[in-house]
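Accompanying notes for the structure given below.
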Amino acid sequence: MSDEDITLTAGDAEVTVQPGNGGRVGGLRIGGVELLRQGERFGCFPMVPWCGRIRDGRFLDGAEVRQLPLNAPPHAIHGTVRDGAWRVARRSTDEAVLTYELVDPWPYPGLVTQIVALTEDALTLTMSVETYESSFPAQIGWHPWFNRSLGGEDVILDFAPAWQEERGDDHLPTGNRLDPKPGPWDDCFGMPGGVEATLTWPGRLELKVTSREEWVVVYDEQEAAVCVEPQTGPPNGLNRMPRLVTPLEPLEATTTWSWRRL
């Protein structure tokens, strides 16, 4: 385990990785300008082994009901790894590889690996969940908090989802799909061709969030930040659309943030 932050550099891009604080990316600076909201709970944290809320913290494993702690009552939210200390497997000037052994309250043994790789104009985050024992359902996602303002005009978010998941009063998808509605959002969207969203800070920077995954949650209901969260399934996904991790088949996902100056 390591509580020391790691700094990655490439050109004038600098990333802070925080193994001791949930394996999160604590900061991304381009030319000295910080793009991520600062604070212990912010930056960009990995969501594993589930994303968003699980209804009542319960999911089915075959015929058995598994109960997780309700850390966002009445639900469980955002997985378990964002609160843990990760191990640094290796590091260089522009890449860090972190690992995390799944432990209680998650009921199955497994290993999470996250690769944080920086170039002069892009940051790529790759994550996998693997098991050598019993199979289990899981999800992977990332929860970045992009600053709404970089000192000028507020960011403009542009994306073109195929549908929006209808959100119930409990903040969970009902299973119905709607035509996308105008924001503000705390909502999940489907993008069958892969996630692509563009954040533009006028006159400053354009940043594209891409992923081969087909789901993205957008949360922009608060003043300080805009969250664009690629993930392998919708909220409550361990119940609605479980992806199985088996000894022969890990679950893997990648997201890339690429930028250019305006």
Side-chain angles (χ1 to χ4, degrees), residues 1-9 14-29 34-54 57 59 66-73 75-118 123-134 136-146 217 225 227 229-232 238 243 245 250-255 257:
M1 306 287 183
S2 174
D3 287 334
E4 289 185 15
D5 290 356
I6 296 169
T7 301
L8 308 179
T9 56
E14 188 177 84
V15 162
T16 303
V17 184
Q18 300 179 324
N21 184 21
R24 79 188 60 217
V25 173
L28 168 61
R29 290 164 296 286
E34 178 59 69
L35 269 60
L36 294 176
R37 182 175 180 189
Q38 295 301 283
E40 186 182 357
R41 309 298 295 169
F42 301 112
C44 171
F45 61 81
M47 297 185 289
V48 186
W50 74 88
C51 305
R53 296 170 177 83
I54 296 181
F59 68 98
R66 299 286 194 177
Q67 178 69 58
L68 296 161
L70 306 182
N71 58 348
H75 307 305
I77 197 168
H78 293 336
T80 58
V81 305
R82 64 182 175 140
D83 297 317
W86 292 53
R87 190 175 72 82
V88 180
R90 66 176 190 271
R91 56 180 289 186
S92 65
T93 56
D94 56 7
E95 184 179 88
V97 180
L98 311 179
T99 61
Y100 183 88
E101 296 272 358
L102 291 172
V103 292
D104 283 342
W106 186 248
Y108 315 91
L111 179 71
V112 183
T113 302
Q114 181 175 217
I115 304 170
V116 182
L118 181 65
L123 175 66
T124 298
L125 305 172
T126 303
M127 203 150 38
S128 66
V129 185
E130 54 192 320
T131 180
Y132 305 108
E133 299 183 35
S134 55
F136 57 84
Q139 283 181 292
I140 288 172
W142 289 270
H143 196 306
W145 298 81
F146 293 108
V217 168
C227 304
E229 309 161 33
Q231 46 197 63
T232 60
L238 296 189
R243 296 273 292 271
V245 178
L251 176 60
E252 299 175 316
T254 297
T255 184
W257 310 345

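Note that the structure is predicted; figures quoted are calculated from it, not measured.
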Find the distance between [atom1] ([X]) and [atom2] ([Y]) and round it off to the nearest 0.5 Å.
| X | Y | atom1 | atom2 | result |
| --- | --- | --- | --- | --- |
| L251 | I140 | CG | CD1 | 4.0 Å |
| R243 | Q231 | CZ | CD | 11.5 Å |
| N21 | D5 | CG | CG | 8.0 Å |
| R66 | F136 | CZ | CZ | 11.0 Å |

To check you understand the geometry: which heavy-atom pair defines the closest contact between [X] and [Y], and what is its length?
| X | Y | value |
| --- | --- | --- |
| Q139 | C51 | OE1-N, 3.1 Å |
| A96 | L8 | N-CD1, 4.0 Å |
| N71 | I77 | OD1-N, 2.7 Å |
| T255 | P230 | OG1-CG, 3.5 Å |
| T80 | P105 | CG2-CG, 4.0 Å |
| A76 | L68 | CB-CB, 4.2 Å |

Side chains of [X] and [Y]: does their closest heavy-atom pair fall under 4.5 Å?
| X | Y | value |
| --- | --- | --- |
| W145 | L36 | no |
| Y100 | P46 | no |
| L102 | P49 | yes |
| T113 | E130 | yes |
| W106 | V81 | no |
| V112 | L98 | no |

May I ask you to decide if [Y]'s main-chain N or O and [X]'s side chain share a donor-acceptor pair within less than 3.5 Å?
| X | Y | value |
| --- | --- | --- |
| E4 | G20 | no |
| T93 | T9 | no |
| R91 | I6 | no |
| W86 | G22 | yes |

Pairs touching residues 94-112 that satisfy salt bridge (charged side-chain N to carboxylate O under 4.0 Å, His left out), sequence neighbours left out: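 Salt bridge (charged side-chain N to carboxylate O under 4.0 Å, His left out) check on residues 94-112 returns R90-E95.
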Qualifying salt bridge (charged side-chain N to carboxylate O under 4.0 Å, His left out) pairs, either residue in residues 14-29, two or more places apart: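 As it turns out, the salt bridge (charged side-chain N to carboxylate O under 4.0 Å, His left out) pairs with a partner in residues 14-29, which skip direct neighbours, are E14-R29, R29-E34.
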Step-by-step side chain to side chain contact (heavy atoms under 4.5 Å, CB included) determination, C44 to L125: CA-CA 10 Å; C44 171; L125 305 172; 4.2 Å; yes
Trace of the side chain to side chain contact (heavy atoms under 4.5 Å, CB included) decision for R41 with D83: CA-CA 9 Å; R41 309 298 295 169; D83 297 317; 3.3 Å; yes
Partners passing ring-ring contact (aromatic ring centres under 6.0 Å, His included) against W142 (at least two apart in sequence or in another chain):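 Applying ring-ring contact (aromatic ring centres under 6.0 Å, His included) to W142 gives none.
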